[in-house]
Amino acid sequence: MPQALVRLREHLATIKSLNDTAALLGWDQRTYMPPGGAQSRGEQLATLNRLAHEMLTSPKTGELLAAINVDDLPPDSDDARLVAVVSLDYARAQKLPSEFVARFARIRPPANQAWQQARANNDWDAFAPHLQTVLELSREQAELLGYSEHIYDALLDQYERGLTTAQMTAVFDELKAGTVPLVKAIAAQNSAERDACLHGDYPEERQEQFGKYVTERFGYDWSRGRQDRTVHPFCTNFGRNDVRITTRFNPDWLSPALFGTLHETGHALYEQGIKPELSRTPLERGASLGIHESQSRLWENLVGRSHAFWSFFYPKLQETFPARLGGVDLDTFYRAVNTVHPSFIRVEADEVTYNLHILLRFELEMALLTGDLQVADLPAAWNEKMDAYLGVTPPTNTLGLLQDVHWSNGTLGYFPTYTLGNVLSVQFFDQALKEHPQIIDEMGQGQFATLLGWLQSNIYQHGRKFLPNELVRRVTGRPIDTSPYLRYLREKFGALYNLEGAA
Ligand code: ZN
C-alpha cells in the first residue's frame with residue numbers, strides 16, 4: 001500500500017476511535033446512565049465530537065488526501081472509494097466550525113433527558129423549549145452546510161447523501177396515491193378482533209428468549225453483540241465486532257418487542273456483515289440511513305411478517321406461550337401480525353399505514369424549518385395531520401408528538417429515510433428472489449443462509465463504500481422505484497383482506 005494511503009488510514013483510524021467512543025457513551029446514556037449524568041455526559045460528548053471534528057477538518061486531512069493519486073487506484077477499489085468518501089466528508093465538515101459542533105453536541109443529552117421525562121409525564125411544555133433550541137441549531141446548521149433549493153435539503157443530505165427534498169416529495173406523492181385508497185378499502189373489512197391473540201399474558205423473559213432464538217437463526221452473532229432494554233429501541237455499534245441492539249418489552253402485548261427485535265437485528269446484521277478490510281475507516285458503517293432501514297424492514301417485514309417464516313416459527317412460539325397461543329392456528333396468527341389498523345405510534349404501525357406517519361413528520365419538520373409553523377403550534381398541527389392521514393387523534397401528547405426520540409437527539413431531516421427504507425426493502429428483496437427463488441422455501445424451513453449471503457455480498461460487505469443511489473443501481477439495475485413496494489402492498493394485503501381486484 002502506498003505510504004500516503006497508510007498515513008491517511010492511520011489518521012482516519014484515530015478519528016474513528018473518537019467517534020466509536022462517543023457512540024459508546026451515547027449507548028450508555030440511553031441504557032444505563034442515571035438521570036443525573038446528563039449534563040456531564042453532554043460535556044464529554046461535546047469534547048469527543050469536537051476533537052473528532054477538529055481532526056477531520058484539520059489541514060492534515062487535506063494534505064493526506066492531496067498526496068494520493070486516485071488515478072493510480074482501481075476505480076472500485078476500497079482505497080479509491082475511501083478517498084472519494086472522505087473527500088466529501090472533509091468538504092462538508094469544513095463548513096461546520098468546531099465551536100458549532102460542540103455547541104450542538106452539548107445540548108443533546110439534556111434535551112434527551114427532558115424528552116424522556118416529558119414523554120413519561122405527558123408534559124409537552126417541559127420539552128418545547130428544548131425543541132426550540134434544537135430547531136434554531138438545525139437552521140444554523142443548514143445555513144452553514146448550504147443548499148440550493150430547500151433548507152431541508154441540507155439536513156436530509158446528512159443522512160442520505162444526494163437525496164433532495166423534491167425527490168422525497170415525489171416518493172411521498174406516489175405512496176400517498178397508492179396507500180390511502182388501500183387503507184380505506186381495508187378499513188371497511190376490519191374487525192377489532194383480528195389481532196386479539198397478540199394481546200394478553202406474554203411474560204417478558206419468554207419474549208426475550210424467543211427473540212434471541214429467532215435472531216440467532218437469522219445469523220446475528222451474539223459473540224459480537226448484545227441486547228439491552230431502552231425507552232426507544234435502537235441499534236448501535238463501535239466497529240463491526242461490537243454491534244448492539246436494544247428492545248422495549250410489553251408483558252401484555254407480543255408485537256412491540258418481537259418485531260422491534262427483528263427490526264434492530266436487521267440493522268445489526270448489516271453492521272456485523274461489513275468486511276474486515278474496512279475496519280477503523282469511515283466506511284465501516286452502512287451506506288446511508290435509508291439503505292440501513294431497508295435492511296431492518298426487510299428482516300422485520302418481508303421475512304418476519306411472511307407466511308413462510310411463521311410456518312416454521314409459529315409452533316415454537318406456541319410452545320413458548322402455550323396458554324395464550326395453544327388454541328390459535330397459524331393462519332389466524334398470520335392475519336393478526338399483518339393487521340392494518342391506523343394507530344398513534346409509528347414504530348408499532350403496520351406496513352400499510354407506516355409511511356403516513358413519516359409523511360406527517362416530514363411535512364411538520366419542513367414547516368418548522370421554514371418558519372411556517374411555530375413550536376408552540378406543533379401539538380395542534382400534529383393532531384390535525386393525524387386525523388387527516390390516519391383518521392385518529394392521539395388523546396395525549398405522549399401518544400402524539402412526544403413519541404419519538406429524534407428531535408431530542410437533534411436529528412431533524414432523519415425521518416424520511418424510514419420511508420426510503422421501506423421502498424428499498426422490497427426493491428432489494430425482489431432482486432434477491434429473482435436471483436434465488438428458493439429463498440421463500442428456505443424461510444419456511446427456518447433457513448436464511450442464501451438470503452443473508454446475498455445481502456452480505458451485494459450490500460453488507462461494502463459498508464459505506466458506495467453512495468446510496470449508486471448502490472441501489474448496482475444491486476437492482478434501477479434507480480429508487482416505488483412500484484415494487486406498492487405492488488407488494490397491494491398483493492399481500494389484497495389477499496389478506498380479500499380485496500376485489502386489489503392485486
Ligand atoms: Zn430502523
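For ligands, and for the atoms within them, numbers begin at 1 and follow the listed sequence. Computed from heavy atoms alone, side chains included, the values below leave out hydrogens, waters and symmetry copies.
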Lys/Arg-Asp/Glu bridge criterion (N-O < 4.0 Å) met for E470, R81:
yes

Atom name of the N, O or S atom of H263 nearest to the Zn ion (ligand 1) is NE2

Restricting to N/O/S atoms, is C235 within less than 2.8 Å of the Zn ion (ligand 1) or not?
no

With no hydrogens and no angle check, do the side chains of H436 and T450 hold a donor and an acceptor under 3.5 Å apart?
no

So, 2.8 Å as the limit: is an N/O/S atom of E293 located closer than that to the Zn ion (ligand 1)?
yes

Mark yes or no: K316 above the aromatic ring of F210, with NZ or CZ under 6.0 Å from the six-membered ring centre and no more than 45 degrees from the axis.
no

The Zn ion (ligand 1) to nearest N/O/S of H292 less than 2.8 Å
no

Taking 4.0 angstrom as the limit, do R361 and D404 come out as a salt bridge?
yes

